[in-house]
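Following: one structure in structure tokens, then a few remarks.
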2 protein chains.
Amino acid sequence: MTIKVFLADDHKILRESLIILLQQESDIEVIGEAADGHQALVDIQRLKPDIAILDISLPQLNGLEVAARLKKEDPAIKIIILTMHKNEDLVARAYQLEVNGYVLKDNALEELLKSIRIVQAGGIYLSSDITSTVIAGFVANFGKTGGKAELISSREREIVQLLAEGNSNKNIAQLLNLSLKTVETHRSNIMHKLGLKSITDLVLYAVRNHLIEP
Amino acid sequence: MTIKVFLADDHKILRESLIILLQQESDIEVIGEAADGHQALVDIQRLKPDIAILDISLPQLNGLEVAARLKKEDPAIKIIILTMHKNEDLVARAYQLEVNGYVLKDNALEELLKSIRIVQAGGIYLSSDITSTVIAGFVANFGKTGGKAELISSREREIVQLLAEGNSNKNIAQLLNLSLKTVETHRSNIMHKLGLKSITDLVLYAVRNHLIEP
DNA sequence: AGAATATACAGGATAACCCTGATTAACAGA
DNA sequence: TCTGTTAATCAGGGTTATCCTGTATATTCT
């Protein structure tokens, strides 16, 4: 019995290449493909693959939304997210949706094959270079806040935005009538909670989460 | 005589897949690969492939900058840009660099093979879906970019990207084999030239100019 | 040749970062 | 109600990083 997989990715070159290579595996069979979220949703519900492999940045309906709708209708469906995004928030959202795998495109092809077999066997697969701290932090928060995990507090989010807008710690302290030390503490906590390594990462986080516009 | 190609793309899954499939073509031989711009530049100059296939969004040094440096050293080198971006400004910039091919990742694999053979034969290949945007872009940009002085130098652009990717001055100095003080000077000059007040402004500049992806 | 630019490097001042603390208020669970 | 957790506030003190002001050489442009 082969593992029937469905592949949704908007880049045809990658889609075609992966299908050719997946077909060469004796235990894997690609039974369908899609280039956008709507088509993926319709075809996956019709073809009922064992595993749906979804890119996040799909046109019309993003991969996480497709995953959410599939899981809502059939919580047993197996989903692997295949994406270039190692953004903490997206990983957390995927985790919330209880997807079965999260594989980065800059990992080896071998990782994808491994994830398919592990997920088919009932396991959960996460790319090794996704920071464990984010997952740990997320798991720690999950359930205590009623389902929706807020990684950072309201005050912290306010400071994220001010930082991403180019304000210095000193500046923020003046704006918010706080001690410089308080701002430093917030900043440090934010970096740890979000798993960011530099102010640059913070700006990108803010852009991705629409706290500021590029 | 086979066509010797070099492939640079930061997504290992795509890179691996493409190499396997390109190797199956009897007239094509992949003689090297790279996951970042620096490695690509060094290896391409060392291995001297017939055609260099470059993604635009490469870490450390983006594909267009790699193309510019390769063309400067050897104007006869053949370059195919393989990218997800169909922005007219990126296409126009590629055209100014006189690259030999521009293929979109959402085209078929067959397109890439065709582009390799056409470019090897001395032709220029453009993905069919960007023909209209490229024409529009040229009409709009023609004349403007003729003698317009670049705001920042090639070296500075390289450092902008490394900064926006979250590297510290120290880190960049090591990567480029420069003194820390040199990197600091470049950084300062960049900020003044571009009228930026903070590193976050620089990240936003890099995002807007597609030096990095949000 | 002269001017402008790119590239490279230094010293000293300022700001940010890191780690280990502390206090107070709010709030949830046993 | 007591206890534990989190949010929010602040501090000392040491280590790094960044900013500002200069200098110098090679290359490129006119």
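For the numbers below, each heavy atom of this structure counts, side chains included, while hydrogens, waters and symmetry mates do not. Quick note on labels: first sequence line is chain A, next is B, and so on, each numbered from 1. All values derive from a computational prediction rather than experimental measurement.
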key: Residue mapping more 5' on DNA chain C - nearest nucleotide basis, B:L178 or A:R187   =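 The residue whose closest nucleotide sits nearer the 5' end is B:L178.
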request  = Starting from the C-alpha separation in whole Å, work towards a yes-or-no answer on side-chain contact (heavy atoms from CB on, under 4.5 Å) for A:L162 and A:L176.
outcome  = CA-CA 10 Å; A:L162 289 168; A:L176 301 181; 4.0 Å; yes
query = Is the closest basic N to carboxylate O distance between B:D55 and B:K105 below 4.0 Å?
reply =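 Looking at B:K105 together with B:D55, the answer is yes, because their closest N to O distance falls below 4.0 Å.
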ask   = So, B:H186 versus B:E158: side-chain donor-acceptor pair below 3.5 Å or not?
value =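 No, no side-chain donor-acceptor contact under 3.5 Å.
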request  = Indicate whether the side chain of B:E65 and that of B:S154 have a donor and an acceptor atom separated by less than 3.5 Å.
outcome  = yes
Side-chain N or O of [X] versus OP1/OP2 of [N]: is the shortest distance under 4.0 Å?
| X | N | result |
| --- | --- | --- |
| B:T182 | C:dA8 | no |
| B:S188 | D:dT18 | no |
| B:K193 | C:dA6 | yes |
| A:R155 | D:dT9 | yes |
| A:S179 | D:dA11 | yes |
| B:N169 | D:dT18 | yes |

Quick one: [X] [atom1] to [N] [atom2], roughly how many Å, whole number?
| X | N | atom1 | atom2 | result |
| --- | --- | --- | --- | --- |
| B:I159 | D:dT18 | CD1 | C1' | 15 Å |
| B:L176 | C:dT7 | CG | P | 11 Å |
| A:L202 | C:dC17 | CG | P | 10 Å |
| A:H186 | D:dA8 | NE2 | P | 6 Å |
| B:Q174 | C:dA8 | CD | P | 16 Å |
| A:E156 | D:dT6 | CD | C1' | 10 Å |
| B:N167 | D:dA17 | CG | P | 13 Å |
| A:M191 | C:dC17 | CE | P | 6 Å |

key: Taking every non-hydrogen atom, the tightest pair across B:T2 and B:D50   =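 Smallest interatomic distance, heavy atoms only, reads O-OD2, 3.7 Å.
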Options [options], nucleotide nearest the side-chain atoms of [X]:
| X | options | answer |
| --- | --- | --- |
| B:N189 | D:dG13, C:dC9, C:dT7 | C:dT7 |
| A:E184 | C:dC9, D:dT9, C:dC17 | C:dC17 |
| B:H192 | D:dC20, C:dC9, D:dC10 | D:dC20 |
| A:K181 | C:dA6, C:dC18, C:dG12 | C:dC18 |

ask   = Quick one: the side chain of A:T185 and the base of D:dC10, do they pair up donor-acceptor inside 3.5 Å?
value = yes
key: Straight-line distance of B:R157 CZ to B:Q161 CD, nearest 0.5 Å   =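 Reported value, rounded in 0.5 Å steps: 10.0 Å.
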task = Would you classify B:K197 as touching base, sugar-phosphate or nothing, given that sugar-phosphate means primed atoms plus P, OP1 and OP2, and contacts are heavy atoms under 4.0 Å?
result = nothing
